[in-house]
Amino acid sequence: MFDTLDARKRQARKVVTRLRKTYPVAECALHHDSPFQLLAATILSAQCTDERVNSVTPTLFSRFPDPESLASATQEQVEEIVKPLGFFRAKATNLRGMAQTLVDRHDGVLPQSLDELVKLPGVGRKTANVVLGTAFGIPSGVVVDTHVRRISNLLGLTESQNPEIIERDLVAILPKKEWINYSHRMIHHGRQICIARRPKCLECPMLKICPRVGLSPLES
DNA sequence: ATCCCGAGGG
DNA sequence: CCCTCTGGAT
């Protein structure tokens with residue numbers, strides 16, 4: 001769609017402008033009171049809406065508010081709490097392993113580098129970028145989740161389906177200042193307007209710059 | 001490429 | 001019934 005790097009940068013600028021105008025406050029929707037809790041909530045958010053994560057984290061964090069307490073929890077205790085989220089065995093295992101690793105190797109404190117965060121059980125680039133950007137204000141990359149992937153493809157900002165390549169493409173055309181906000185706003189946009197199943201194109205602030213329009217019937 | 005896993009929408 | 005929801009590990 002956009003052949004040159006320059007063309008994609010121009011498109012990216014338009015997208016960023018309209019996102020900022022439409023969603024002035026870009027915030028993380030996962031409830032948390034500490035970087036550790038944000039990390040735990042983000043691990044739980046895999047293949048599951050943030051609302052559902054928020055429905056179990058009050059219980060989880062009231063019983064296990066920090067790495068030490070979560071590391072000492074039993075598998076059954078954690079599974080019971082996270083069961084409604086799906087993947088409950090893997091998520092419970094990852095949460096406990098993550099907490100145990102923090103206690104054993106990091107003095108119970110979150111490392112502030114992508115390389116170290118990614119070594120924690122259940123933590124990939126997406127989760128590490130969320131924590132670095134949102135909890136520590138360190139823009140180490142762009143968070144690429146299902147919404148960012150889908151809409152970035154739709155808007156012609158990348159052609160790839162591979163999250164790592166998508167992140168590389170986005171990093172190349174977005175100002176570093178916008179990395180964190182871009183993801184938060186895209187995720188919000190994906191949930192409210194550009195919904196995967198049934199996009200509300202007629203309400204979309206980016207209708208005029210969306211290459212999809214004209215190629216297929218407009219969704220209401 | 002496949003598995004983990006459950007809930008809700010269309 | 002199929003798809004999607006802030007993925008990650010094997």
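Letters A, B, ... mirror the listed sequences (proteins, then strands); counts begin at 1. Predicted model only: the values in this text are computed from it and were never measured.
Counted by atom type alone, A:Q37 and A:T57 present zero donor-acceptor pairs between their side chains at under 3.5 Å.
Of the residues in residues 67-104 of chain A, those with a non-hydrogen atom less than 4.0 angstrom from any atom of DNA chain C are A:F87. For DNA chain C, the neighbouring residues in residues 11-31 of chain A, judged by any heavy atom under 4.0 Å, are A:C28, A:A29. Scanning residues 122-150 of chain A for heavy-atom distances under 4.0 Å to DNA chain B yields an empty list. Contacts of residues 48-60 of chain A with DNA chain C (heavy atom under 4.0 Å): A:C48, A:T49, A:D50, A:R52.
Using a 4.0 Å cut-off between a side-chain N of Lys or Arg and a carboxylate O of Asp or Glu, A:E164 and A:K126 do not qualify as a salt bridge. Ion pairing between a basic and an acidic side chain is recognised when a charged N comes within 4.0 Å of a carboxylate O; A:K119 and A:E116 show such pairing. The pair A:R191-A:D50 meets the salt-bridge criterion, with a side-chain N (NZ, NE, NH1 or NH2) lying under 4.0 Å from an Asp/Glu carboxylate O. Taking 4.0 Å as the cut-off between side-chain N and carboxylate O, A:D145 and A:R149 do not count as a salt-bridged pair.
Pairs passing the ring-ring contact (aromatic ring centres under 6.0 Å, His included) check and including a residue from residues 177-207 of chain A, sequence neighbours excluded, read A:Y23-A:H188, A:Y23-A:H189.
Within 4.0 Å (heavy atoms only), A:L44 reaches no atom of the nucleic acid at all.
Note on A:Q47: every side-chain N or O is 4.0 Å or more away from OP1 and OP2 of C:dC5.
One can place CD of A:E167 at 15 Å from P of C:dG7, the figure rounded to the nearest angstrom.
Contacts of A:E178 classified as salt bridge (charged side-chain N to carboxylate O under 4.0 Å, His left out), with partners at least two apart in sequence or in another chain: A:R20.
Atom name P, nucleotides B:dC4 and C:dT6: the rounded distance is 23 Å, in whole Å. Here, C:dT10 and B:dC5 have their P atoms 14 Å apart, quoted to the whole Å.
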